[in-house]
J.: 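Okay, handing you the structure first.
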2 protein chains.
Amino acid sequence: MPKPTIDDVARLAGVSPKTVSRVVNREPNVRAATRERVQQAIAELSYHPNQFARNLASHRSRLIALIYDDPSAYEVPSSGYILRLQQGTLKACRDASYELLIHPCRYNSRQVVDELRTLIAQVRPAGIILAAPLSNMPKIVASIEASGTPLVRLSPGSEIPGHRVVATNDREISAEMTRYLASLGHHRIAFIKGHRQHKAVGLRYLGYLDGLRGAGLERADELVVAGDNSVGSGERCAEQLLQLPHPPTAIFAANDDMAAGVLRVAARNEVKVPEELSVAGCDDISLARQIHPMLTTIRQPLVTMAERAAWSIIDGAVDDGPGGGMEIVAGTIQYRESTGPAPD
Amino acid sequence: MPKPTIDDVARLAGVSPKTVSRVVNREPNVRAATRERVQQAIAELSYHPNQFARNLASHRSRLIALIYDDPSAYEVPSSGYILRLQQGTLKACRDASYELLIHPCRYNSRQVVDELRTLIAQVRPAGIILAAPLSNMPKIVASIEASGTPLVRLSPGSEIPGHRVVATNDREISAEMTRYLASLGHHRIAFIKGHRQHKAVGLRYLGYLDGLRGAGLERADELVVAGDNSVGSGERCAEQLLQLPHPPTAIFAANDDMAAGVLRVAARNEVKVPEELSVAGCDDISLARQIHPMLTTIRQPLVTMAERAAWSIIDGAVDDGPGGGMEIVAGTIQYRESTGPAPD
DNA sequence: GTCAATACTGACAGCGCTGTCAGCCAGCGG
DNA sequence: CCGCTGGCTGACAGCGCTGTCAGTATTGAC
């Protein structure tokens, strides 16, 4: 038996195909009774609109392209990141009966721009979601914009006026983490700054300062040290902090890798975590749950961010103009084993 | 300027649209000179066929659906696995100008079958690639087959006659790993079996036996222990093996998690790896490169497997009938730090 | 009650491509 | 010379849907 078409539905419901189309597309100006009848007919025939015909007739695809840096280019794939992006986008796609096209590409490859141009020409996606770090590369952003395809950048912490961006509240949530540590009785909370070029990581430091203020604590210069986002730098910073005459009882690192370095040093020096030292990180990388003790950290709301990005394409809210361009999705603190009450 | 259509190309080349279509689709029965002229016109206008119109007119989509078990359902996502599947499929898709649709689903969810039915009805993919473990679930396989959609199962080690399967040479490569350990001078090579329901893992045991035979070694009963694929079981098995009066100098585990358990026990007991004990695993999960020492393991050729699967859909080779249904892609051994010459 | 404004509905013409089939031409056997 | 095959090409009719616009029903204001 052949698949039912819009005409079959129309005949059964006693309306025109166009009216069926209106119902399917949730367009206004259909009487409730009519809508009802059409919906019954759709259910009865278990009709599914043919996406190809829809796309062809409407000149719009229902395809969202998710573009991210190719993880296979690296030794250790940051795969949790990508899977969560995919997951969020997929969620929105399913609900809106859109489809998802994924396109990893190497940011440093010469032909990236050509590659994207071809992609756009071939599939004409309804919109593009560009994940960090690609979302911060002017060349790539410019080439997509030039094509006129709606673009949403997923960028933790950076913003360009007039562009649609979904970002997270790095600063606020870092402040919250700091206040949480303070609420556990910690008075000397150290902070390990990240790489100075990493914008989001910079915001976290500001959040730390906010948090100290909020908890009524003084900022102590010797408790702020600078790493470079690597595990190794976390170790060095931790050593420096623990050798202080009056060492901190809690260390908040601007990313999980550095926090893992702190844990390593603590283990080496037989400093018990969390009994003697609380450690908190940022990012909730998969390692955070695999190490012992499991790391208290800030989870970036990647799934939600990607979902919001997809919806802004689906809703056509990409060209919202200045002001409405930025959307913030709040991160959450994952309370785990590495933080606890301050020692007496 | 509007995108060029097939008619524009036809006019420029002085042929009919249908002939352009023939050239684009690599159909036979076009004179070489004509083909040439058309190709020039295509290049000149930088014409890209409209996929939606193609799909609509030809009743075939150029979409491959990759279906896999939803990793977000678990605490620790086996994300390397999925990314590599995606990577392989994408490669084929790009080369054939197909598109990739990804669809994670939870194998144990009640509505999986309905969900897949809807997916198929909505997008009518050209074919479906079903990844393990879904590929071994009769209900899911049956529901896809019932729809008539070409199906390729990605299944390390299991086969159903008459079905298209892309598999790997688990048994042979495990034998090779065993021979490699023997070649390093190890005479007492232990094996940790995996979960008895995991078919691929069973084949690895047979490969181990083959390898022993190939190296002229005797099989010793006390050197074969059974785990259940978990890290914890690997630890238990390792303890058992190391307490033997005449312990093994090499341990080959049927998966990386168990091998990681072995490494953990070695570290606890201050057994130096690889100086005193060589350890090998299977799967090359991302953890294998993150632990110390980095694990020698068998890398499943997932990327290639997925690529082959996609090509067999693209080439329409799915219904090759019995015999041609199974394709084997060879795995490779990743030689890393956890294996070395046997102690004197 | 009238009239304009508004809500609803349907006819129709494509979207850009491909399947079908008919037509043309060259080559060849009779 | 005819008829016939087989390689090559094009005319044409949709694929199943949506945008446009015109037409009809209904509402509200007076």
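Source: prediction; values computed, not measured. Note on naming: letters A, B, ... go to the chains in the order of the sequence lines (proteins, then strands), and numbering restarts at 1 for each one.
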J.: Could you tell me whether the side chain of B/Arg22 has a donor or acceptor atom within less than 3.5 Å of a complementary atom in the base of C/dG19?
T.: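 Such a pair does not exist between side chain and base.
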
J.: Heavy atoms from C-beta onward define the side chain here; which of D/dT9, C/dG16, C/dC8 lies closest to that of A/Arg31?
T.: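 Of all the options, the side chain of A/Arg31 is nearest to C/dC8.
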
J.: Consider the side chain of B/Val30, meaning its heavy atoms from C-beta on, and name the nucleotide among C/dT18, D/dT9, C/dG10 that approaches it most closely.
T.: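 Of C/dT18, D/dT9, C/dG10, D/dT9 is nearest to the side chain of B/Val30.
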
J.: Is B/Glu36 salt-bridged to B/Arg31, cutoff N-O under 4.0 Å?
T.: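 No, this pair does not count.
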
J.: Are OP1 or OP2 of D/dT9 and a side-chain N or O of B/Thr34 less than 4.0 angstrom apart?
T.: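 Indeed, a polar side-chain atom of B/Thr34 lies that close.
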
J.: Taking any heavy-atom pair under 4.0 Å as a contact, classify B/Asn25: base, sugar-phosphate, or nothing.
T.: sugar-phosphate

J.: Can you identify which nucleotide, out of C/dC17, D/dG16, D/dG10, has its nearest atom closest to the B/Thr5 side chain?
T.: C/dC17

J.: Less than 4.5 Å apart, any side-chain heavy atom of A/Leu101 and any of A/Leu66?
T.: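 Answer no - side chains too far apart.
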
J.: It should be established whether B/Ser21 places a side-chain nitrogen or oxygen under 4.0 Å from OP1 or OP2 of nucleotide C/dC17.
T.: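 So the side chain of B/Ser21 is outside the cut-off, no N or O lying under 4.0 Å from OP1 or OP2 of C/dC17.
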
J.: Taking any heavy-atom pair under 4.0 Å as a contact, classify A/Pro28: base, sugar-phosphate, or nothing.
T.: nothing

J.: Relative to the 5' end of DNA chain D, which residue comes earlier, B/Pro17 or B/Ser58, by the nucleotide with the nearest heavy atom?
T.: B/Pro17

J.: Whole Å only: how far is the NZ atom of B/Lys3 from the C1' atom of C/dC15?
T.: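 Interatomic distance, NZ of B/Lys3 to C1' of C/dC15: 15 Å.
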
J.: Between B/Asn55 (CG) and D/dG14 (C1'), how many Å, whole number?
T.: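 Those two atoms, CG and C1', are 16 Å apart.
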
J.: Show the numbers, then the answer: is there a side chain to side chain contact (heavy atoms under 4.5 Å, CB included) between A/Val112 and A/Ile140?
T.: CA-CA 8 Å; A/Val112 168; A/Ile140 294 178; 3.9 Å; yes

J.: Side chains of A/Arg62 and A/Glu99: closer than 4.5 Å at any heavy-atom pair?
T.: no

J.: In terms of side-chain heavy atoms of B/Ser16, which of D/dT26, D/dA11, C/dT18 is nearest?
T.: D/dA11

J.: Could you tell me the separation between the CD atom of A/Glu36 and the P atom of C/dC8, rounded to a whole number of Å?
T.: 15 Å

J.: Counting side-chain heavy atoms from C-beta on, which of D/dC17, C/dG19, D/dT26 comes nearest to A/Ile6?
T.: D/dC17

J.: Which sits closer to the 5' end of DNA chain D, B/Arg35 or B/Ala53, going by the nucleotide each is nearest to?
T.: B/Arg35

J.: Taking atom C1' of D/dC17 as reference, at what distance in whole Å does atom CZ of A/Phe52 sit?
T.: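 One finds 13 Å between C1' of D/dC17 and CZ of A/Phe52, rounded.
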
J.: Can you check the B/Arg11 CZ to D/dT9 P distance for me, whole Å?
T.: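 For the pair B/Arg11 CZ and D/dT9 P, the rounded distance is 19 Å.
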
J.: Closest heavy-atom contact between A/Ser135 and A/Leu154?
T.: OG-O, 3.0 Å

J.: Nearest to the side chain of B/Arg54, heavy atoms from C-beta on, is which of C/dT18, D/dT9, D/dC17?
T.: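 Nearest to the side-chain atoms of B/Arg54, counting from C-beta on, is C/dT18.
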
J.: Quick check for you: among C/dG19, C/dC15, D/dC8, whose closest atom lies nearest to any side-chain atom of B/Asn29?
T.: D/dC8

J.: C/dG16, C/dT18, D/dG19: which one has an atom nearest the side-chain heavy atoms of B/Asn50?
T.: C/dG16

J.: Measure the CG-CG distance between B/Leu12 and B/Leu45 for me, rounded to the nearest 0.5 Å.
T.: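 Between B/Leu12 CG and B/Leu45 CG, I get 5.0 Å after rounding to 0.5 Å.
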
J.: With the side chain of A/Leu56 defined as its heavy atoms from C-beta on, choose the nearest nucleotide among C/dG16, D/dC8, C/dG19.
T.: C/dG16

